[in-house]
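Data first, discussion second: the structure below is written as structure tokens.
Counting convention: from 1, in listed order, for ligands and their atoms alike. Just so it is clear, the structure is predicted and the values come from calculations on it, not from any experiment.
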Amino acid sequence: MEFKKCERCGCFYLSETAVCENCMPKDNFELSKLRNYFDNENYSNTIDHIAVDTGISVKNLNRYLENEEFSKIYNKLNISNNL
Ligand SMILES: [Zn+2]
């Protein structure tokens with residue numbers, strides 16, 4: 001195990017997970033929200049719209065969507081960096 005920087009709050013912690021212990025419940029909450037959201041056939045196909053619909057930040061969405069379980073959905077999304 002090694003020190004990692006939490007993806008959510010930026011604190012350092014010792015674990016194999018992507019976020020610290022404090023942020024884990026928030027991650028889990030948002031992940032279940034996201035799963036429910038994608039259960040709906042009419043989900044938006046851009047990260048920006050999904051962020052608005054779910055209230056999850058774009059930064060966190062990008063992180064969640066890298067998960068294997070969302071790979072099929074991720075491939076269908078309109079990923080563009082038109083900043
Ligand atoms: Zn944290």
Side-chain angles (χ1 to χ4, degrees):
M1 294 220 286
E2 55 184 310
F3 272 111
K4 289 181 71 175
K5 195 173 176 204
C6 176
E7 303 261 5
R8 288 191 78 112
C9 69
C11 77
F12 288 93
Y13 63 101
L14 195 61
S15 171
E16 294 293 315
T17 56
V19 295
C20 73
E21 230 172 64
N22 291 334
C23 295
M24 196 82 87
K26 296 178 200 163
D27 253 29
N28 288 335
F29 176 74
E30 288 185 347
L31 273 168
S32 61
K33 207 169 168 185
L34 198 57
R35 286 184 198 109
N36 287 334
Y37 178 70
F38 285 133
D39 279 344
N40 183 340
E41 297 286 305
N42 301 317
Y43 59 79
S44 301
N45 66 346
T46 68
I47 298 265
D48 284 352
H49 284 124
I50 297 167
V52 172
D53 288 344
T54 59
I56 301 171
S57 74
V58 171
K59 188 186 167 210
N60 283 327
L61 275 176
N62 278 315
R63 186 159 54 83
Y64 299 147
L65 290 170
E66 283 172 10
N67 288 359
E68 186 64 39
E69 68 170 293
F70 296 122
S71 61
K72 274 186 189 159
I73 290 162
Y74 192 72
N75 288 335
K76 280 193 275 180
L77 296 180
N78 246 332
I79 310 292
S80 60
N81 290 318
N82 44 356
L83 295 170

May I have the angle between Cys9 SG and Cys20 SG with its vertex at the Zn ion (ligand 1), rounded to 10°? 110°

Please state the angle at the Zn ion (ligand 1) spanned by SG of Cys23 and SG of Cys6: what is it, rounded to 10 degrees? 110°

Just wondering, are more than 12 heavy atoms of other shown residues or ligands nearer than 6.0 Å to CD in Glu21? no

Do any of the N, O or S atoms of Cys11 sit under 2.8 Å from the Zn ion (ligand 1)? no

Taking the side chain as every heavy atom from C-beta outward, state whether Tyr43 and Thr54 have any atom pair closer than 4.5 Å. no

Arg63 bridged to Glu30 by N-O distance under 4.0 Å: no

Step by step, work out the side chain to side chain donor-acceptor pair (under 3.5 Å) result for Asn67 and Tyr74. CA-CA 9 Å; Asn67 288 359; Tyr74 192 72; over 6 Å; no

